[in-house]
S.K.: 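First, the structure itself, so that you have it in front of you.
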Amino acid sequence: KAATIHERYHSGDHMKKARSLRNIACMHWKKHELDAALEILNTALAMYNRLISAEHPEVAECLEAIASIYDEKGDFATALAYYERQLKIG
């Protein structure tokens, strides 16, 4: 519902919309809907990359969430790659 509201008032890319997407993804993660969470997080990450610097803390938080989900799925190589990207940001 939040994403729909943001779309109405902020069509296209917007920071609030990206944050809402990240929050929605976290809810899917908590429900163990890992593939849905990853899909939404990747959408949020792409939006962040269009809006802000790749070194922004919001990007780092998104990368960390993606890494954690891959870790939970047992895909340790992919998780490590995302953790390393996140670490470069700080």
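One-based numbering along the sequence shown.
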S.K.: Under a single-linkage definition using a 4.5 Å side-chain heavy-atom cutoff for Ile, Leu, Val, Met, Phe, Trp and Tyr, are Tyr83 and Ile66 assigned to the same hydrophobic cluster?
M.R.: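 Tyr83 and Ile66: separate clusters.
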
S.K.: Applying salt bridge (charged side-chain N to carboxylate O under 4.0 Å, His left out), can you list everything that pairs with Glu39, at least two apart in sequence or on another chain?
M.R.: none

S.K.: What pair of heavy atoms forms the shortest contact from Ala67 to Ala79, and how long is it?
M.R.: O-CB, 3.3 Å

S.K.: So do the side chains of Cys62 and Leu41 get within less than 4.5 Å of each other, counting heavy atoms only?
M.R.: yes

S.K.: In chain order, what residues pass the side-chain hydrogen bond (donor to acceptor under 3.5 Å, both in side chains) check against Thr43, with sequence neighbours excluded?
M.R.: none

S.K.: Enter the distance from Leu21:CG to Leu45:CG here, rounded to the nearest 0.5 Å.
M.R.: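 Result: 11.5 Å between the selected atoms.
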
S.K.: Who passes salt bridge (charged side-chain N to carboxylate O under 4.0 Å, His left out) against Arg22, sequence neighbours left out?
M.R.: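 Salt bridge (charged side-chain N to carboxylate O under 4.0 Å, His left out) list for Arg22, sorted by chain: Glu58, Glu61.
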
S.K.: With Lys30, which residues qualify under salt bridge (charged side-chain N to carboxylate O under 4.0 Å, His left out), at least two apart?
M.R.: none

S.K.: Test: ring-ring contact (aromatic ring centres under 6.0 Å, His included). Region: residues 22-70. Which pairs qualify, not counting sequence neighbours?
M.R.: Tyr70-Tyr82

S.K.: Enumerate the residue pairs fulfilling salt bridge (Lys or Arg N to Asp or Glu O under 4.0 Å) with a member in residues 67-85, sequence neighbours excluded, ordered by first and then second residue.
M.R.: Asp35-Lys73

S.K.: Kindly compute the distance separating CZ (Arg19) from CD1 (Ile24), expressed to the nearest 0.5 Å.
M.R.: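 CD1 of Ile24 is found 13.5 Å from CZ of Arg19.
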
S.K.: Rounded to the nearest 0.5 Å, how far does CD1 of Ile40 lie from CE of Met27?
M.R.: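 These two atoms lie 11.0 Å from each other.
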
S.K.: Quick one: pull up CG in Leu38 and CD1 in Ile69 and give me the separation to the nearest 0.5 Å.
M.R.: 4.5 Å

S.K.: Leu63 and Ile52: same hydrophobic cluster, using ILVMFWY side-chain contacts below 4.5 Å?
M.R.: yes

